[in-house]
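Working notes for the structure below.
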Amino acid sequence: MDLLNIDENCHRNKLLYSEFPERARYEPCMLGVDEAGRGPVLGPMVYGGAYCPMSCIKELEKLGVTDSKALTEEKREELFELINKSSEFVGWIIEVHSPTTISNSMLRRCKYNLNAVSHDSAINLIKHTLNQGVNLQEVYVDTVGPSDKYEAKLSEIFPDVKITVAKKADATYPIVGAASICAKVVRDRALKSWKFREGDNFQSLEYGSGYPNDPVTKSFLSENIDPVFGFPSLVRFSWSTAEKILEEKAVSVIW
């Protein structure tokens with residue numbers, strides 16, 4: 001399980017893998033895909049994929065996996081450990097998108113918006129799962145945008161895999177619930193253990209959950225802006241919450 005260095009090089013995207021269940025090579029498998037951290041102004045967005053043999057769905061259900069948003073942080077951590085202890089039949093793969101990469105993508109001259117980033121991340125997770133040697137037969141994805149168009153897009157790329165894209169898939173399909181839990185736990189751990197490249201003076205600061213409506217997050221943004229260099233790399237500076245503070249407190253630049 002590759003989580004040891006999750007807080008290193010946080011300004012770069014990275015892939016994380018669980019232990020590989022060997023039976024996934026020869027038994028027909030399903031994959032669930034979901035994300036965590038799409039909306040926050042702080043920290044990474046994390047896309048998670050969980051996979052297991054289709055014959056093991058009952059065993060997966062017994063773990064109690066479901067939509068991570070319906071669980072407490074303690075319960076998510078508990079279930080994540082259970083998933084890792086069940087490595088004989090379930091595995092996961094995670095793509096972490098750094099806030100710097102997200103902001104740079106959205107501020108390109110040809111904007112690479114969050115929906116496109118999300119779709120491409122799901123595609124990458126499916127490809128990486130196949131490249132690992134998983135005998136992948138079915139994929140279940142929590143939708144981003146119109147589910148029918150998204151499903152058609154994935155089906156065209158992966159014609160040999162049965163694709164299902166649905167709203168609230170994390171609450172409907174246990175395999176997507178497992179992916180949701182993995183993504184959320186990694187996102188929370190990455191945010192809590194963030195290593196600031198801008199100096200040790202940031203390490204002791206409280207910055208909250210990262211969501212724009214969190215008073216602690218608002219205070220962090222307002223009090224830690226440099227008038228020339230802007231925000232530390234934890235911040236998605238392309239978000240409107242950050243842009244407004246930049247407009248109010250940063251030095252104007254004429255191009």
Flag yes if more than 12 heavy atoms outside Lys168 fall under 6.0 Å of its NZ atom; otherwise flag no.
-> no
Does one hydrophobic cluster hold both Tyr150 and Tyr112, with members joined at side-chain heavy-atom distances below 4.5 Å?
-> yes
Heavy-atom distance under 4.5 Å between the side chains of Tyr51 and Val90, does that happen here?
-> no
Donor-acceptor contact present, side-chain Asp67 to main-chain Asp170, <3.5 Å = no
Ion pair present between Arg189 and Glu77, side-chain N to carboxylate O less than 4.0 angstrom?
-> yes
Mind telling me whether His128 and Tyr17 have parallel, tilted or perpendicular rings, with 30° and 60° as the class edges?
-> perpendicular
Below 4.0 angstrom, N of the basic side chain to O of the carboxylate: do Lys192 and Asp188 qualify?
-> no
Heavy atoms, side chains only, cut-off 4.5 Å: are Pro232 and Trp194 in contact?
-> no
Shortest non-hydrogen pair, Lys85 vs Glu88, comes out as O-OE1, 3.6 Å
Any chance you could lay out the side chain to side chain contact (heavy atoms under 4.5 Å, CB included) test for Val96 and Asn13, step after step, and finish with the verdict?
-> CA-CA 5 Å; Val96 181; Asn13 287 12; over 6 Å; no
Donor-acceptor pairs under 3.5 Å, side chain of residues 241-251 to any protein atom, not counting sequence neighbours: which ones?
unit_1: Lys249; atom_1: NZ; unit_2: Ser222; atom_2: O; d: 3.0
unit_1: Lys249; atom_1: NZ; unit_2: Ser222; atom_2: OG; d: 2.8

Side-chain ion pair, Lys167 and Asp142, N-O less than 4.0 Å | no
Checking side chain to side chain contact (heavy atoms under 4.5 Å, CB included) for the pair Phe20/Arg25: CA distance, chi angles, key distance, verdict?
-> CA-CA 9 Å; Phe20 185 81; Arg25 294 190 190 279; 3.4 Å; yes
Glu27 and Ser55: side chain donor to acceptor below 3.5 Å = yes
Grab the two heavy atoms, one from Asp214 and one from Gly210, that are nearest each other, plus how far apart they are.
-> OD2-N, 4.4 Å
Please confirm whether the backbone N or O of Thr101 pairs with a side-chain atom of Ser105, one donor and one acceptor, at under 3.5 Å?
-> yes
Quick one: do Glu78 and Lys75 make a salt bridge, cutoff under 4.0 Å?
-> yes
For a quick test of your reading: what N or O donor-acceptor pairs under 3.5 Å do the side chains of residues 33-49 make, sequence neighbours left out?
unit_1: Asp34; atom_1: OD2; unit_2: Ser180; atom_2: OG; d: 3.4
unit_1: Glu35; atom_1: OE1; unit_2: Arg38; atom_2: N; d: 3.3
unit_1: Arg38; atom_1: NH1; unit_2: Ser118; atom_2: OG; d: 3.0
unit_1: Arg38; atom_1: NH2; unit_2: Asn115; atom_2: OD1; d: 2.3

Check for a donor-acceptor pair, side chain of Ser121 on one end and backbone N or O of Val117 on the other, with a separation under 3.5 Å.
-> no
Under a 4.5 Å side-chain heavy-atom rule over Ile, Leu, Val, Met, Phe, Trp and Tyr, are Ile157 and Val144 clustered together?
-> yes
Same apolar cluster (I L V M F W Y, side chains within < 4.5 Å links), Val216/Leu205 = no
For the side chain of Ser18 and the backbone of Gly91, is there at least one donor-acceptor N/O pair under 3.5 Å apart?
-> no
Could you state the interatomic distance from CD1 (Ile93) to OG1 (Thr129), rounded to the nearest 0.5 Å?
-> 5.0 Å
Write down the atom of Glu151, the atom of Val165, and the distance for their closest heavy-atom approach.
-> OE1-N, 2.9 Å
Pairs where residues 218-251 contributes a residue and the test ring-ring contact (aromatic ring centres under 6.0 Å, His included) is met, not counting sequence neighbours | Tyr207-Phe220
Can you tell which of Thr100, Leu191, Asn224 makes a side-chain contact (heavy atoms from CB on, under 4.5 Å) with Leu234?
-> Leu191
Distance (rounded to the nearest 0.5 Å) between Met30 CE and Thr164 OG1 | 9.5 Å
